[in-house]
Amino acid sequence: GNSVTQMEGPVTLSEEAFLTINCTYTATGYPSLFWYVQYPGEGLQLLLKATKADDKGSNKGFEATYRKETTSFHLEKGSVQVSDSAVYFCALPHSGGGADGLTFGKGTHLIIQP
Amino acid sequence: NAGVTQTPKFRVLKTGQSMTLLCAQDMNHEYMYWYRQDPGMGLRLIHYSVGEGTTAKGEVPDGYNVSRLKKQNFLLGLESAAPSQTSVYFCASSYSQQGRETQYFGPGTRLLVL
C-alpha cells in the first residue's frame with residue numbers, strides 16, 4: 001500500500017512566524033493527498049486536500065501543493081496564530097481505489113507561543 | 001446534523017472483559033472505518049465497511065470484530081480486552097470509495113485496559 005512520511009515534532013514557533021511541515025509520500029499512481037488537523041481533545045478534521053498533481057489546496061491560511069516530481073505535499077502558513085496549535089496529519093488513500101481507508105503520517109504536534 | 005458520533009467517550013476495562021464501541025453517522029455515507037490512535041504511531045486502520053452488511057480487515061484487525069447491520073451504525077467489539085488495546089479509537093465515514101473523498105471523524109473513544 002501507499003505510505004507517507006512527515007516531520008515529527010513537536011514544532012514550537014512564536015506567533016506570526018512562518019510554518020512549514022514537510023510531508024513526502026510513496027504511492028502507485030497519483031492519489032489524492034490530504035492534511036488533517038486534530039485540536040486538543042477532538043477528532044480529526046480535514047484541513048485541505050489536493051486531488052491531482054500541481055493542485056494547491058488551501059484553507060484557513062494554510063496551503064499545500066501537490067508536487068509529483070518530489071512526491072511531496074508540504075504544509076505552509078505565512079503567519080501562525082496561537083489557535084493553530086494542534087496535531088497535523090498528512091494522509092493519502094491506502095491503495096489506489098481508496099475504499100480501504102487512509103494511511104496517515106505519525107503526526108506533527110505544533111505549538112504556537114504568544 | 002450531528003455528523004459522526006461515538007459512544008462511549010471513555011471506558012476503563014479489566015483484562016479479559018469485553019465491550020462494544022458504537023459509531024453512528026447521519027450523513028447517509030456508504031463507507032465507515034475504525035482507526036486506533038497511539039502515541040507516535042499516527043492512526044491505523046482496524047476494520048472498515050463499504051456498505052450495510054459488509055466488513056473488511058484493515059491494517060491491525062487482530063483482537064477486534066465489527067458489524068454493520070444498519071447503514072448508519074458501525075460497531076467495534078473487543079471480545080477479550082488486552083492492555084495492548086489501550087488506545088484512542090476513532091470512527092470515520094465517507095460518501096464514496098473514491099480516494100478524493102473526505103473522511104469525517106467522530107470525537108473518539110478513549111479506552112484504558114488494566
Side-chain angles (χ1 to χ4, degrees), chain A residues 1-10 21 23-25 27-53 55 57 59 66 73 86-109, chain B residues 2-7 9-10 21 23-25 27 29-51 54-61 66 68 74 88-110:
Chain A
N2 300 331
S3 64
V4 61
T5 302
Q6 67 179 99
M7 60 188 292
E8 296 185 34
I21 300 177
C23 171
T24 57
Y25 66 90
T28 302
Y30 301 104
S32 294
L33 302 173
F34 303 84
W35 277 101
Y36 280 82
V37 59
Q38 183 180 30
Y39 297 104
E42 298 183 9
L44 280 71
Q45 56 185 273
L46 180 70
L47 179 60
L48 54 84
K49 66 180 179 182
T51 58
K52 60 182 186 293
D55 263 4
N59 186 27
Y66 191 158
F73 193 54
V87 182
Y88 293 81
F89 295 92
C90 186
L92 75 170
H94 180 68
S95 65
D100 54 350
L102 295 173
T103 293
F104 289 87
K106 294 184 178 181
T108 302
H109 186 193
Chain B
V4 180
T5 58
Q6 293 184 232
T7 309
K9 289 185 171 56
F10 177 70
L21 283 67
C23 174
Q25 52 93 6
M27 297 174 283
H29 285 170
E30 287 291 339
Y31 292 77
M32 298 188 74
Y33 309 87
W34 276 107
Y35 294 90
R36 59 178 288 173
Q37 183 181 30
D38 302 293
M41 298 290 291
L43 276 78
R44 293 178 292 168
L45 184 65
I46 304 171
H47 286 280
Y48 65 99
S49 169
V50 302
T54 74
T55 63
K57 294 180 180 180
E59 180 185 357
V60 288
V66 287
R68 183 103 181 265
F74 194 29
V88 181
Y89 293 86
F90 288 101
C91 177
S93 70
S94 64
Y95 178 69
S96 79
Q97 73 175 51
Q98 293 185 29
R100 68 176 70 95
E101 287 293 329
T102 299
Q103 289 193 12
Y104 295 85
F105 283 80
T109 294
R110 187 174 296 274

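Scope of the values below: all heavy atoms of this structure, side chains included, with no hydrogens, waters or symmetry mates. Order of the sequence lines sets the chain letters (A, B, ...), proteins ahead of strands, with each chain counted from 1.
Within the 4.5 Å cutoff, no side-chain heavy atoms of A:His94 are placed close to those of B:Leu45.
Interface residue A:Gln38: only side-chain heavy atoms are found under 4.5 Å from chain B. In this structure, chain A has a heavy atom under 4.5 Å from the side chain of B:Tyr35, while its backbone stays farther away. Neither the backbone nor the side chain of A:Gln45 comes within contact range of chain B; no heavy atom of the residue lies under 4.5 Å from a heavy atom of that chain.
Between the CD atom in B:Glu101 and the CZ atom in A:Phe34 there is a gap of 8.0 Å [rounded to 0.5 Å]. Going from atom CD of B:Gln37 over to atom CZ of A:Phe89 covers 4.5 Å, rounded to the nearest 0.5 Å.
Screening residues 41-51 of chain B for salt bridge (charged side-chain N to carboxylate O under 4.0 Å, His left out) gives B:Asp38-B:Arg44 as the qualifying pairs, with residues at least two apart or on separate chains.
Environment of NZ in A:Lys49: crowded, with over 12 heavy atoms of neighbouring residues, nucleotides or ligands closer than 6.0 Å. Under a cut-off of 6.0 angstrom, the local environment of OH in A:Tyr39 is crowded, with over 12 non-hydrogen atoms contributed by other residues, nucleotides or ligands.
Under a 3.5 Å cut-off, the side chain of B:Tyr33 and the backbone N or O of A:Leu102 do not form any donor-acceptor pair.
By the side-chain hydrogen bond (donor to acceptor under 3.5 Å, both in side chains) test, A:Thr24 is found to be paired with no residue, residues two or more places apart in sequence or in another chain being considered.
Heavy-atom pairs under 4.5 Å with chain B peak, among A:Leu46, A:Leu33, A:Thr51, A:Leu44, at A:Leu44.
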